[in-house]
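See structure below.
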Amino acid sequence: MRSSPQQYDQQADVVVLGTGAAGLAAAISAREAGAEVLILEKCPPETAGGNTRVSGGSWFENLDAEGAATYLRSLCGDFPLPEAVIRTWAEETRHNTGWLRSLGANVAVNGAYTPEFPHLDGAHSYGGYHSVEGRMGDQLLYRFLLDAALARGVEIRYATPGRELILDGGTVTGVLAESPDGPLRVRARTGVVLATGGFENDPAMVRDYLRLGPCPIWGSPAGTGDGHRMAQKAGADLWHMGNMTAFSGIRVPGSDTGFFLAPPATGYIWVAPDGRRFVDEAPALGGHGQARIRGRDELHPAQPAYVVFDERTRLAGSLCPPRTYLPVGWKVLMEGYDWSTDNQAEIDRGWIRRAETVEGLAAELGIAPETLAETVRDWNAACAAGRDARFGRRPESLTPLDQGPYYAFEMAPLLGWTSGGPRRDEHCRVLDPFGSTIPGLYAAGSVSSTYSWAKDGGFHIADALAFGRVAGRTAAAPSADQNDLEEINARSVG
């Protein structure tokens, strides 16, 4: 269906959907390329920004582009990426820090973090984290990028989610959105950039693509796959839809969002609904990485499970990192919840079950009392022997459960990011199932993350910044041929 400019309510050269790191980076870069830019944001200002707003806001320091490319290939495992995408990722992430500083950001090193997968080829290229002001979280990156975009004349329309892409002869020419005043038709003279985030808060997509039941989410509830559906209707192919980042989390009854679990002590075990342990609950960090590379996921079991602990562990400190230590996550930053230091408030709320005996706790959980009692006895015996014969848990983490009362809460995979979405090339041009570009359509960020399998710390923000810039530059110059695009990218990172 062909549409004339007169049929639109508003126009801009580049229309960006979303105000996370990818969307704001795309908008700033398109603006710097001379384009008029409009951002359509699904949420009101109070909750806009997607997962970027509640993330650590840190990106990894790429010490060596060639080594980083090797590391990314290693992290892909059996799910390789196109070489052109890898090369662009490696070059662009190398320039994240310099680009932010060129915008006026006060960037500093945020700790000497080591690679999560030091055994993989290319891990030497990982140089830890950089952050705005050298501090993690607290919305610092989001607020800096937002201010930078507004200062450069980018217009943002809040509470205006995109509903459908408008096509003219196979070319994406605009967006049909829903504004507070009703339907809004926006023309994009040169391109539309999808930066709408993931689908972690769409239960049907989580079930179909991740094969998981209802899961609490760590970040923005706005990640419901809007951009995925719009791209699919426009003819987009999809890539690595089964990939995600999840954490061990605490499910909160009646809430879509949950808490990141990080017990301050080792006196706990995980049990399945049958009351038995089923995994090493505390593998070394490198072990997590090796397990994920092999295709197993010991860190976030996809089955219902309970964390069982005793009074010693309850009094050791908050089960969830306090805001003063880790100011991230939707519950902490957007809902303002501070987990109690002794976990008593959460017990009083009913989030954590309590009983004087192990058998009484089992009854609270609907587990056969004799089974859970046997599991705890076996665990305590392993602690006394200094060896976990069942799952090989590290000796230094073997702390008995022998100080009542006893406690348990429901653990669940806490979905942080999904990685799959519309397939794109190294210039962020969305591709159809036959490998041809869909003219006028681009994607960056979690809606179409680079990562096909494993990733390291700071990789999601790095990817969003890098390919957000690429998407903005490409959308601002849609008539450039392949050689021109290569030259534009080379100038931008040179």
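Just so it is clear, the values below take in all heavy atoms, side chains as well, and ignore hydrogens, waters and symmetry mates. What you see is a predicted model; the values in this text were computed from it and never measured.
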### Message
Has Arg277 got a side-chain atom pairing as donor or acceptor with Trp379's backbone, closer than 3.5 angstrom?
### Response
no
#### Entry: Ser58 (side chain) donor-acceptor with Met136 (main chain) under 3.5 angstrom
no
### Query
Can you find a pair of side-chain heavy atoms, one from Ser220 and one from Arg53, that are under 4.5 Å apart?
no
### side chain to side chain donor-acceptor pair (under 3.5 Å) involving Thr399 - partner list, sequence neighbours excluded
Thr266
## Note on the structure
Interatomic distance, CG@Asp338 vs OG1@Thr324, rounded to 0.5 Å, equals 8.5 Å
### Query
Residues in ring pair (Phe, Tyr, Trp, His ring centres under 6.0 Å) with Trp351, at least two apart?
Phe259, Tyr337, Trp339
### Task
Supply the atom-to-atom distance Ile156 CD1 to Leu150 CG, rounded to the nearest 0.5 angstrom.
4.5 Å
### Task
For Val252 and Lys331, work out which heavy atoms get closest and say how close.
CG2-CE, 4.4 Å
### Query
Stepwise, does the side chain to side chain contact (heavy atoms under 4.5 Å, CB included) test hold for Glu374 with Arg276?
CA-CA 9 Å; Glu374 179 184 8; Arg276 303 185 187 279; 3.8 Å; yes
### Task
Indicate the atoms forming the closest heavy-atom contact of Ser449 with His460, along with that distance.
OG-NE2, 4.0 Å
### Message
Going by ring-ring contact (aromatic ring centres under 6.0 Å, His included), name the pairs with one or both residues in residues 383-414, residues two or more places apart or in two chains.
### Response
Phe309-Tyr407
### Task
Give a yes or no answer on whether the side chain of Thr70 reaches the backbone of Asp121 with a donor-acceptor pair at less than 3.5 Å.
no
### Task
Determine, step by step, whether Leu212 and Met244 satisfy the side chain to side chain contact (heavy atoms under 4.5 Å, CB included) criterion, reporting the C-alpha distance in whole Å, the side-chain angles of both residues, the deciding distance to 0.1 Å, and the verdict.
CA-CA 11 Å; Leu212 293 174; Met244 65 172 179; 3.9 Å; yes
### Query
If you look at every heavy atom in Val430 and Ala236, which pair is closest and at what distance?
CG1-CB, 3.6 Å
## Note on the structure
Between Thr257 and Pro221, the two heavy atoms sitting closest are CG2-CG, 4.2 Å
### Query
Can you tell if the side chain of Leu145 reaches within under 4.5 Å of the side chain of Leu100, non-hydrogen atoms only?
yes
### Message
Classify the ring geometry of Phe60 against Tyr126: parallel below 30°, tilted from 30° to 60°, perpendicular beyond 60°.
### Response
parallel
#### Entry: Any Tyr129 side-chain heavy atom under 4.5 Å of Ile461 side chain
no
### Query
Is the side chain of Arg423 donor-acceptor paired with the backbone N or O of Leu238 at a distance under 3.5 Å, no angle test?
yes
### Query
Do Val332 and Pro327 have side-chain heavy atoms sitting under 4.5 Å apart?
no
### Option passing side chain to side chain donor-acceptor pair (under 3.5 Å) with Lys42 (candidates Thr224, Thr19, Thr160)
Thr224
### Task
Measure the CZ-CG distance between Arg377 and Leu372 for me, rounded to the nearest 0.5 Å.
10.0 Å
### Task
Look up atom CG in Asp78 and atom OG in Ser452, then write down how far apart they are to the nearest 0.5 Å.
9.5 Å
### Message
Hydrogens and angles aside, do Asp463 and Thr450 bring a side-chain donor and acceptor to less than 3.5 Å of each other?
### Response
yes
### Message
Set out, in order, the CA-CA distance, both residues' side-chain angles and the distance that settles salt bridge (charged side-chain N to carboxylate O under 4.0 Å, His left out) for Asp402 and Arg312, then state yes or no.
### Response
CA-CA 8 Å; Asp402 56 6; Arg312 178 195 290 112; 3.0 Å; yes
### Query
What is the distance from atom SG of Cys215 to atom CG of Asp256, rounded to the nearest 0.5 Å?
11.5 Å
### Task
Run the numbers on Trp330 and Ile217 for side chain to side chain contact (heavy atoms under 4.5 Å, CB included), then give the verdict.
CA-CA 9 Å; Trp330 192 266; Ile217 60 171; over 6 Å; no
### Summary
d(Cys76 SG, Asn243 CG) to nearest 0.5 Å is 9.5 Å
### For Ala443 against Ser448, the heavy-atom pair lying closest together
CB-CB, 4.0 Å
### Task
Compute whether any side-chain donor of one residue and acceptor of the other, for Ser419 and Lys455, lie under 3.5 angstrom apart.
no
### Message
Any side-chain to backbone donor/acceptor pair from Tyr451 onto Phe459? Under 3.5 Å, distance only.
### Response
yes
### Task
Go through the structure and list residues passing ring pair (Phe, Tyr, Trp, His ring centres under 6.0 Å) with Phe79, not counting sequence neighbours.
Trp453
### Worked verdict on Asn110 versus Arg135 for side chain to side chain contact (heavy atoms under 4.5 Å, CB included)
CA-CA 6 Å; Asn110 179 26; Arg135 294 193 292 122; 5.8 Å; no
### Query
Just by modelled atom types, is the Gly197 backbone N or O under 3.5 Å from a matching donor or acceptor in the Asn51 side chain?
no
### Task
State whether the side chain of Glu61 and the backbone N or O of Leu63 hold a donor-acceptor pair below 3.5 Å, judged by distance alone.
no
#### Entry: Criterion salt bridge (charged side-chain N to carboxylate O under 4.0 Å, His left out) on Glu178 and Arg163, from CA distance to verdict
CA-CA 7 Å; Glu178 187 68 36; Arg163 297 301 187 197; 5.2 Å; no
### Query
Mind checking whether Glu426 and Glu83 have side chains closer than 4.5 Å, heavy atoms only?
no
### Task
Looking only at non-hydrogen atoms, find the nearest pair between Gly258 and Pro216 and report the distance.
N-CB, 3.9 Å
#### Entry: Donor on one side chain, acceptor on other, Gln344 and Asp348, under 3.5 Å
yes
### Task
Could you tell me whether the side chain of Arg229 reaches within less than 4.5 Å of the side chain of Asp202, counting heavy atoms only?
yes
### Message
Whether Arg314 and Glu311 form a salt bridge (side-chain N of Lys/Arg under 4.0 Å from carboxylate O of Asp/Glu) is what I want to check.
### Response
yes
#### Entry: Ser131 side-chain N/O to Glu133 backbone N/O, donor-acceptor pair under 3.5 Å
no
### Query
Residues two or more places apart in sequence or in another chain: which of them pass ring pair (Phe, Tyr, Trp, His ring centres under 6.0 Å) with Phe199?
Tyr209, His228
### Message
Are Trp239 and Arg424 packed together at the side-chain level, in the sense that at least one heavy-atom pair is separated by less than 4.5 angstrom?
### Response
yes
### Query
More than 12 foreign heavy atoms under 6.0 Å from CZ of Arg101: is that the case here?
yes
### Query
When you measure from the side chain of Asn380 to the backbone N and O of Cys383, does any donor-acceptor pair fall under 3.5 Å?
no
### Message
Using the side-chain contact (heavy atoms from CB on, under 4.5 Å) definition, which of the options Glu91, His95, Arg94 pairs with Asn62?
### Response
Arg94
### Task
Look at the side chain of Asp310 and the backbone N and O of Gln403, then say whether any donor-acceptor pair between them is shorter than 3.5 Å.
yes
#### Entry: Tyr268 six-ring face occupied by Arg393 cation (under 6.0 Å, within 45°)
yes
### Query
With sequence neighbours excluded, what pairs up with Tyr306 under the ring pair (Phe, Tyr, Trp, His ring centres under 6.0 Å) test?
none
### Query
Looking at Leu261, Ile269, Leu319, Ile250, which one forms a side-chain contact (heavy atoms from CB on, under 4.5 Å) with Val307?
Leu261
### Side-chain touch Tyr142/Leu24, heavy atoms, less than 4.5 angstrom
yes
